[in-house]
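Because the structure is a prediction, the values reported are computed rather than measured.
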Amino acid sequence: MLSPTSDTKNLVVQAYDGHPTYSCSKCSAVITLQDELISKSFSGREGRGYLIQSATNVKLGRKEDRSLLTGVHTVADVFCLGCNDRLGWFYHKAADHSQKYKEGKYLLEREKLIKENSWTLDESIN
């Protein structure tokens, strides 16, 4: 596993200027656009989780079969590219047909993310 170094931190380059995002709570690397949120009704290892369509500035751990609340899934832990904090997991494969919609998506832990709204003040308003 990579350790966070100046080399890996230089890889944390993709940003979404002006768009609402979710960022890593430890290093503030942008992880995903808020528009990529599919559902807030998921459970992670440490509490509530979000099902997300795509993520950036992350790396995946090794694949493993894991018994989750909805059955056995082939998943890989997801780590922040900037600080190496574990953010959740990536669904590679679901054994149960009713769970196939999760394949290729991310479960990110709510407590590991910061919601960035990208609001700006209009200086022309008096």
Q: Check the side chains of S54 and E36 for a donor-acceptor pair under 3.5 angstrom, ignoring hydrogens and angles.
A: yes
Q) Are a donor atom and an acceptor atom from the side chains of S23 and K115 found within less than 3.5 Å of each other? A) no
Roughly how far, to the nearest 0.5 Å, is the [atom2] atom of [Y] from the [atom1] atom of [X]?
| X | Y | atom1 | atom2 | result |
| --- | --- | --- | --- | --- |
| K93 | T74 | NZ | OG1 | 7.0 Å |
| R110 | S25 | CZ | OG | 12.5 Å |
| Y22 | I114 | OH | CD1 | 12.5 Å |
| K63 | H92 | NZ | NE2 | 5.0 Å |

Considering only heavy atoms from C-beta outward, does the side chain of [X] approach that of [Y] to under 4.5 Å?
| X | Y | answer |
| --- | --- | --- |
| C24 | L113 | no |
| R86 | E109 | yes |
| T21 | T32 | no |
| T56 | I31 | no |

Who pairs with [X] by salt bridge (charged side-chain N to carboxylate O under 4.0 Å, His left out), at least two apart in sequence or on another chain?
| X | result |
| --- | --- |
| K100 | E103 |
| D85 | K26, K112 |
| R45 | D77 |

Q) Quick one: which of L87, N57, V58 gives a side chain to side chain contact (heavy atoms under 4.5 Å, CB included) with C80? A) L87
Q | Non-neighbouring partners of Y106 that pass ring-ring contact (aromatic ring centres under 6.0 Å, His included), sequence neighbours left out | A | F90
Q | Under the side chain to side chain contact (heavy atoms under 4.5 Å, CB included) test, residues paired with S41 that sit two or more places apart | A | S39, R48
Q.
Between Q34 (side chain only) and E116 (backbone N and O only), is there a donor and an acceptor less than 3.5 Å apart?
A. yes
Q: Report yes or no: does E111 contribute a side-chain atom to a donor-acceptor pair with the main-chain N or O of G47 at less than 3.5 Å?
A: no
Q | Nearest heavy-atom neighbours spanning G61 and A76 | A | O-CB, 3.4 Å
(Q) Give me the atom names and distance for the closest heavy-atom approach of N117 to P20. (A) O-CG, 4.0 Å
**Q.** Steps toward side-chain contact (heavy atoms from CB on, under 4.5 Å) verdict (L33, Q53)
**A.** CA-CA 10 Å; L33 287 170; Q53 181 68 41; over 6 Å; no
(Q) Apply the hydrophobic cluster definition, ILVMFWY joined by side-chain contacts under 4.5 Å directly or through others, and give me every member besides L107. (A) I38, F42, L51, L68, V75, W89, Y91, Y101
